[in-house]
There are 2 protein chains.
Amino acid sequence: MISIKEVTKQTGITVRTMRYYDQIGLLHPADKTEGGHRLYGEKEMKKLQEIQFLKTIGFSLQEIKEMLADENHDWFTGLKKQLGYISKEKERLEQIEGTLRGLINEIMLNGNIDLFSVQKLIQLYQQNMDKREGYLNQIFNEEESKLLQNLPNINRDDPETLEWIALIAQLKKHMSKGISAPEIQRLIKRMYEKEQETFGDNKEFVEKIWDIRKSPQKSESAGFYPIDAETLDFFEKAYEFYVKKKSNF
Amino acid sequence: MISIKEVTKQTGITVRTMRYYDQIGLLHPADKTEGGHRLYGEKEMKKLQEIQFLKTIGFSLQEIKEMLADENHDWFTGLKKQLGYISKEKERLEQIEGTLRGLINEIMLNGNIDLFSVQKLIQLYQQNMDKREGYLNQIFNEEESKLLQNLPNINRDDPETLEWIALIAQLKKHMSKGISAPEIQRLIKRMYEKEQETFGDNKEFVEKIWDIRKSPQKSESAGFYPIDAETLDFFEKAYEFYVKKKSNF
DNA sequence: ATACAAAATGACGTAACGTCAATTTCAAGT
DNA sequence: ACTTGAAATTGACGTTACGTCATTTTGTAT
């Protein structure tokens, strides 16, 4: 028989928690002193461990109470149900994670931001979730849809996406130096090569994407990350410049 | 200006929720009728959408209130913090998912189960989480540790693991028919082939694993799923029978 | 004017404790 | 036996984001 203090020492569980478990009938002390101090035995400590474990796998105290009370509890079914629940929750968090990464990337692209811009981004996001796929499937054929998967999807966390964002952000930063500046041309070169790597010679496909990018409305419908018109225009000119120079050799 | 009923119609948000948002100062109605009925305008509806969105990405109402109130809120930092929090939560759920799958598989192996067995499994689990890796690294060298990754890890959900579990479960089921029964020998054959596929000719390594399996204590320390001694013994005999027959041809 | 729908306020309940506050008990030292 | 300080007790309120009554008031159609 050990005191409540000993329990907290051995398990890290607080006194309040032990009192609470007693109160809700989840775990009563084995005995009490004359004065009413709680005393716990070996059995209780084991049960406490079980409770802790069942808590870590996401069961509520009420559920745990019922499970431990029922001699013939169907653990298999219970655990499968719990697994289903946990899996769903996990998927929800994965969704959220993707959305957050998307928003963060967009802010990285646009620089920090006032309430108004965030409102616009949020609206864009909500639209996209509903419409993006529909819109894209309408424009691209099946084969191209697969290629689209390779597009830097702003929700994703892969280094591919990050490099695109970094490249565009750098482009914006050095825009004032003009399209022929060596910094710019180095960036464009990298982008050109990346494009080749990703889409190969699929000219027509790349054209379609440019077409979408050039129209803010289309761009919004497609859920591409918003590059402002100025940057887009600058990029296009710098790109042409690069290609022309390249073909001169 | 629309009534609260209109709001619920358009958004699906309940009256209670609107009242609550009003109460905590998150979203006041634009105006009230003489009698005190709430009226909402365009601005409020937009704000409501933003609130909904920020809720879906996991912010609390208090946080949302502060974010929307602060003209110069640092969205970038806030979102990154939130991402960190969400990612952690997601990892926690992944952990739980693995544990649950593990427990479910063990129950599949052992048939359904009383409180006592579950207590033992839980204890085994808690031990494993702490000790398993340490113990295994002590016995196996680095190369072998990599091979160990191919071992049916009971926490995992892949078809490999599932087949091992199914095979052993079938073995148990038909055990009464003796080691030479054709059902048994077919199962053993499949297991033998799977073993070859997975570990190739790495005899020594397979020996070590058998050594661990044969000792309940070691098996427990290593966190292998618990196969009872009887089944293990039966398997061994059936296996020897199979190999002998095979080498006779 | 009446009746009925819709809205209002107020209150309690939820889950799993944390955090006071006021009082009582325990164990040790004198 | 007495004192004292630490430890334990009960009780109560706070937390989140509403749901769910119960009761009263307002709006609107006839």
Side-chain angles (χ1 to χ4, degrees), chain A residues 1-41 44 47-68 82 85-86 89 92 96, chain B residues 1-41 44 47-68 82 85-86 89 92 96:
Chain A
M1 294 297 209
I2 59 176
S3 74
I4 204 169
K5 181 185 56 180
E6 258 303 302
V7 176
T8 72
K9 267 192 198 164
Q10 288 180 27
T11 63
I13 294 167
T14 68
V15 174
R16 179 67 175 95
T17 299
M18 295 306 294
R19 286 211 315 108
Y20 182 62
Y21 289 175
D22 187 6
Q23 186 187 324
I24 65 173
L26 175 59
L27 179 63
H28 294 303
D31 201 357
K32 289 196 171 190
T33 67
E34 274 186 48
H37 287 198
R38 293 173 177 78
L39 296 172
Y40 295 88
E44 282 72 29
K47 188 168 176 185
L48 193 53
Q49 276 194 14
E50 289 158 24
I51 291 170
Q52 290 300 101
F53 177 76
L54 293 171
K55 256 190 20 170
T56 66
I57 57 180
F59 286 107
S60 74
L61 295 186
Q62 186 55 39
E63 287 167 328
I64 294 174
K65 185 180 165 185
E66 284 161 16
M67 291 158 110
L68 294 184
Q82 184 68 3
Y85 170 68
I86 293 289
E89 268 300 290
R92 196 175 65 86
I96 293 177
Chain B
M1 294 299 208
I2 59 177
S3 74
I4 205 170
K5 181 185 56 180
E6 258 303 302
V7 176
T8 70
K9 267 192 199 164
Q10 287 179 29
T11 62
I13 294 165
T14 66
V15 174
R16 179 66 176 95
T17 299
M18 295 306 294
R19 288 210 313 109
Y20 182 63
Y21 288 175
D22 187 6
Q23 186 188 324
I24 65 172
L26 175 58
L27 179 63
H28 294 303
D31 201 358
K32 289 194 171 189
T33 67
E34 272 187 49
H37 286 197
R38 294 174 176 79
L39 297 171
Y40 295 89
E44 283 71 30
K47 189 166 175 186
L48 193 52
Q49 276 194 15
E50 289 157 25
I51 291 170
Q52 290 299 103
F53 178 75
L54 292 171
K55 257 190 19 171
T56 66
I57 57 180
F59 286 106
S60 74
L61 295 186
Q62 186 55 39
E63 288 167 329
I64 294 173
K65 185 181 165 184
E66 285 161 16
M67 291 158 109
L68 294 184
Q82 184 67 5
Y85 169 68
I86 292 290
E89 270 299 291
R92 197 174 64 88
I96 293 177

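Labels below follow one simple rule: chain letters A, B, ... track the order of the sequence lines, proteins then strands, and each chain is numbered from 1.
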Notebook entry, point to check: Phosphate oxygens OP1/OP2 of C:dA7: is one of them under 4.0 Å from a side-chain N or O of B:Ser3?
Noted result: yes

Next item on the list: Using heavy atoms and a sub-4.0 Å distance, could you list which residues of residues 20-32 of chain A are near DNA chain C? By number, please.
Entry: A:Tyr20, A:Tyr21

Next item on the list: Check every atom of D:dT9, D:dA17, C:dA8 against the side chain of A:Arg38 and return the nucleotide holding the closest atom.
Entry: D:dT9

Please list, for nucleotides 21-28 of chain C, all pairs of protein and nucleotide N/O atoms separated by less than 3.5 Å.
{"residue": "C:dC26", "atom": "OP1", "partner": "A:Thr33", "partner atom": "OG1", "Å": "2.9"}
{"residue": "C:dC26", "atom": "OP1", "partner": "A:Gly35", "partner atom": "N", "Å": "3.1"}

Hey, what are the protein-to-nucleotides 11-13 of chain C N/O distances that come in under 3.5 Å?
none

Check: What closest approach, in Å, do A:Lys32 and A:Pro29 show between heavy atoms, and which atom pair accounts for it?
Finding: CE-CG, 4.3 Å

Check: Which residues pass the side chain to side chain contact (heavy atoms under 4.5 Å, CB included) test with A:Thr33, sequence neighbours left out?
Finding: A:His37, A:Leu39

Next item on the list: Could you tell me whether the side chain of B:Lys65 and the main chain of B:Ile24 form a donor-acceptor pair under 3.5 Å?
Entry: yes

Notebook entry, point to check: Is there side-chain contact between A:Arg38 and A:Asp22, with at least one heavy-atom pair below 4.5 Å?
Noted result: yes

Margin query: I need the minimum non-hydrogen distance between A:Tyr21 and A:Gln52, along with the two atoms involved.
Written below: OH-OE1, 4.0 Å

Notebook entry, point to check: Which atom names give the shortest non-hydrogen contact between B:Thr8 and B:Lys5, and what distance separates them?
Noted result: OG1-O, 2.7 Å

Notebook entry, point to check: When the C1' atoms of the five terminal pairs at each end define the local axes, what inter-axis angle does the helix from C:dA1-D:dT30 to C:dT30-D:dA1 show, to 10 degrees?
Noted result: 30°

Next item on the list: Return the minimal non-hydrogen interatomic distance between A:Ile64 and A:Ile51, and the atom names on each side.
Entry: CD1-O, 3.8 Å

Item checked: Under 3.5 Å donor-acceptor, A:Glu44 side chain and A:Gly41 backbone -> yes

Next item on the list: For the pair A:Leu54 and A:Glu63, evaluate side-chain contact (heavy atoms from CB on, under 4.5 Å) and give the outcome as yes or no after the intermediate values.
Entry: CA-CA 9 Å; A:Leu54 293 171; A:Glu63 287 167 328; over 6 Å; no

Checklist line | Closest nucleotide among D:dA17, C:dA7, C:dG18 to the B:Lys5 side chain | finding: C:dA7

Notebook entry, point to check: Counting just side-chain N and O atoms, does A:Thr14 come under 4.0 Å of either OP1 or OP2 of C:dA16?
Noted result: no

Item checked: Residues which pass salt bridge (Lys or Arg N to Asp or Glu O under 4.0 Å) with A:Asp31, listed by chain and number, not counting sequence neighbours -> none

Check: Under a 4.0 Å N-O cut-off, is there an ion pair linking A:Arg92 with A:Glu89?
Finding: yes

